[in-house]
Amino acid sequence: MSHKKGLLALSPLLVFIILYLVTSIVACDFYKVPITVAFLLSSIYSITISGGFPLQKRIESYSRGASTANLLLMLWIFVMAGAFAYSAKEMGSIDATVNLTLSILPGNMVLAGLFLASCFISLSIGTSVGTIIALVPIAVGIGGSIGVSIPMITAVIVGGAFFGDNLSFISDTTIAATSTQGCQLSDKFRVNLFLVAPAAIIVFIAYIFLGQGIVSPTSIPEVEYVKVIPYVVVLILAIVGLNVMAVLAIGIILTGFIGILTGGYDFYGWLNSMGEGIKGMGELIIITMMAGGLLEVVRMNGGIDYIIRLLTSQVKSKRGAELSIAALVSLTNVCTANNTVAIITVGGIAKQIGDRFGIDNRKCASILDTFSCLVQGIIPYGAQLLMAAGLAKLNPVEIIPWLYYPLAIGISALLSIIFRLPKRYS
């Protein structure tokens, strides 16, 4: 593929960035340009510039990207998460959980405590999305009670969620990275922990300092413990490894049963609250489908293949090889908005580069996983930020400036490449 054709294949992403990010920054208002409109115009442009294919084939490719099995599964999770979150809110579950949290944690430890809880839960369940579904509504409620920025406290949960996404033995990214590089999960965990542990410790300490000015409310309402049950059950079921759809279904049933029992709403009120929650996820679902379609057209036109060839053509040293693998998975993640898919897409190429330059398979797997989590954690059209923004009623871009942990693991991993650390694996 020529340089000109490669850039043309990637240009729909540039159009989206200009239409949404640049114009919003110029206007100093991220609500000035609806993200749905930015994706719509970028999608039309991507289909228009796909020369060499009949219009019907271009539209079919776009539609195929908008309806992959993984993407549709994510949409069903969005629907059920909306139903659970809103029905739990309406019956008082969030308020009860917030009051319980505030009665346990002093105000100055709320941020650090939520980050630690998010890290632990995500490490236990191996999914950032599941952690975000469980904790963001609680964090938003706490933020409203103690006067903390909602984007900031939402970002605390998102950051911690990527701790487990990156490290957990049952995380899709961990399994994909170790499978493609031919190493053991436990070995990759040791190397990966060396890369990200300093970042996690620094961010945890930062949240302790940032929380020093936070004061818990002087009068915390009495905790209605029965209304905390749906969230406790959801967390326990998630930690023991039950499928996230089953977890949410059980959570929805519990909110209905307890809500009706305690007078939070009647049967029809429960149904109505679920309907409102599903309706609130409408824009999120549309954005996700259009992003999937747009990225499939970019792939069809050779955009990802172009990136792979461009980054692998100039590799001449072990350090350069590791940097090229990091850039490869990062840019592919930008184009796929899915860190697992990005790892699978470039895993074979990364393995070839690693074998050629003598890179330890365990470090190669760690680089793939860590840099994919970095990118997935900061792109506004990734499932995690879209989910968090949907639950917190925010624009995803509002959360990005507060995402300390994804940026910290990226910096830590980059330094490990530059300074050849850890020595044993470098």
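Every value quoted in this text rests on a predicted model; they were computed, and no experiment measured them.
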Would a 4.5 Å heavy-atom cut-off, applied to side chains only, mark R190 and D187 as touching? yes
For a quick test of reading the model, state the closest non-hydrogen atom pair linking V234 to G251 and the distance between them. CG2-CA, 4.0 Å
Check whether any side-chain heavy atom of T23 lies under 4.5 Å from a side-chain heavy atom of K32, and answer yes or no. no
Measure the CG-OH distance between N272 and Y86 for me, rounded to the nearest 0.5 Å. 8.0 Å
Polar side chain donor-acceptor pair, S61 to R58, under 3.5 angstrom: no
Straight-line distance of D95 CG to I138 CD1, nearest 0.5 Å: 11.5 Å
In the structure I gave you, are the side-chain heavy atoms of L323 and L414 within less than 4.5 Å of one another anywhere? yes
Is a donor on one side and an acceptor on the other found under 3.5 Å between the side chain of S412 and the backbone of L195? yes
Nearest 0.5 Å, please: how far is CD1 in I35 from CG in L386? 6.0 Å
In short, Y231 meets A134 closest at the heavy-atom pair CE2-O, 3.4 Å
Residue pair K188 / T174, side-chain donor-acceptor N/O under 3.5 Å: yes
Backbone N or O of V334 within a donor-acceptor pair of the Y381 side chain at under 3.5 Å? yes
Set out, in order, the CA-CA distance, both residues' side-chain angles and the distance that settles side-chain contact (heavy atoms from CB on, under 4.5 Å) for T180 and V346, then state yes or no. CA-CA 9 Å; T180 57; V346 304; over 6 Å; no
Gap separating the CG atom of L310 from the CD1 atom of I307, nearest 0.5 angstrom: 8.5 Å
I'd like to know if the side chain of S87 pairs up with that of Y265 as donor and acceptor (distance under 3.5 Å, no hydrogens or angles considered). no
Closest approach of P137 to I132 (non-hydrogen atoms, all atoms of both residues): CD-O, 3.9 Å
For E60, look at atom CD and say whether over 12 heavy atoms of other residues, nucleotides or ligands are found less than 6.0 Å away. yes
Ion pair R299/E296, N-O distance below 4.0 Å: yes
Nearest non-hydrogen partners of S122 and G160, listed with the distance: OG-O, 2.9 Å
Candidate pair V397 and L385, rule side-chain contact (heavy atoms from CB on, under 4.5 Å), full reasoning: CA-CA 9 Å; V397 178; L385 274 186; over 6 Å; no
With a sphere of 6.0 Å drawn around NZ of K89, does it hold more than 12 non-hydrogen atoms of other residues, nucleotides or ligands? no
Does a side-chain heavy-atom distance below 4.5 Å link W402 with L210? no
I want to check something: taking the side chain as every heavy atom from C-beta on, are F163 and I121 in contact at a cut-off of under 4.5 Å? no
Here the gap from S46 atom OG to L41 atom CG, rounded to the nearest 0.5 Å, amounts to 11.0 Å
Around atom NZ of K316, are there more than 12 heavy atoms of other residues, nucleotides or ligands at under 6.0 Å? no
Close side-chain approach of L167 to L193, heavy-atom, < 4.5 Å: yes
More than 12 heavy atoms of other residues, nucleotides or ligands under 6.0 Å from CZ of F257: yes or no? no
Any side chain to side chain donor-acceptor pair (under 3.5 Å) involving residues 278-289? Give me the pairs, sequence neighbours left out, ordered by first then second residue. E276-K279
Check: K227 main-chain N/O paired with S93 side-chain donor or acceptor under 3.5 Å: yes
Ignoring hydrogens and angles, tell me if any N or O in the side chain of T255 forms a donor-acceptor pair with the backbone of I252 under 3.5 Å. yes
Could you check if a side-chain atom of L75 sits within less than 4.5 angstrom of a side-chain atom of L72, using non-hydrogen atoms only? yes
May I ask you to check whether F189 and F169 place their ring centers less than 6.0 Å from one another? yes
For residues A66 and L71, report the shortest heavy-atom separation together with the two atoms involved. O-CD2, 3.2 Å
Checking the side chain of T178 only, and the main-chain atoms of I175 only, is there a donor and an acceptor separated by less than 3.5 Å? yes
Quick one: does S118's side chain have a donor or acceptor within less than 3.5 Å of a partner on I157's backbone? yes
Take a 6.0 Å sphere around CZ of R424 and say whether it holds more than 12 heavy atoms from other residues, nucleotides or ligands. no
First locate atom CD1 of I17, then atom OH of Y20, and finally report the distance between them rounded to the nearest 0.5 Å. 12.5 Å
Would you say the side-chain atoms of N301 and K5 include a donor-acceptor pair closer than 3.5 Å? no
Checking S42 side chain against F39 main chain: does a donor-acceptor pair fall under 3.5 Å? no
Trace of the side-chain contact (heavy atoms from CB on, under 4.5 Å) decision for S416 with K363: CA-CA 10 Å; S416 78; K363 187 172 185 185; 4.1 Å; yes
Test item: M274 and M80 side chains (from C-beta on) under 4.5 Å apart, heavy atoms: no
For the side chain of Q181 and the backbone of G347, is there at least one donor-acceptor N/O pair under 3.5 Å apart? yes
Got a salt bridge between R309 and D305, using NZ or NE/NH1/NH2 to carboxylate O under 4.0 Å? no
Among side-chain atoms of D369 and N166, is any donor-acceptor pair under 3.5 angstrom? yes
Looking only at heavy atoms, what is the nearest atom pair of L294 and Y62, with distance? N-CE1, 3.3 Å
Is there a side-chain contact (heavy atoms from CB on, under 4.5 Å) between L14 and L10 once you walk through the steps? CA-CA 7 Å; L14 182 62; L10 293 171; over 6 Å; no
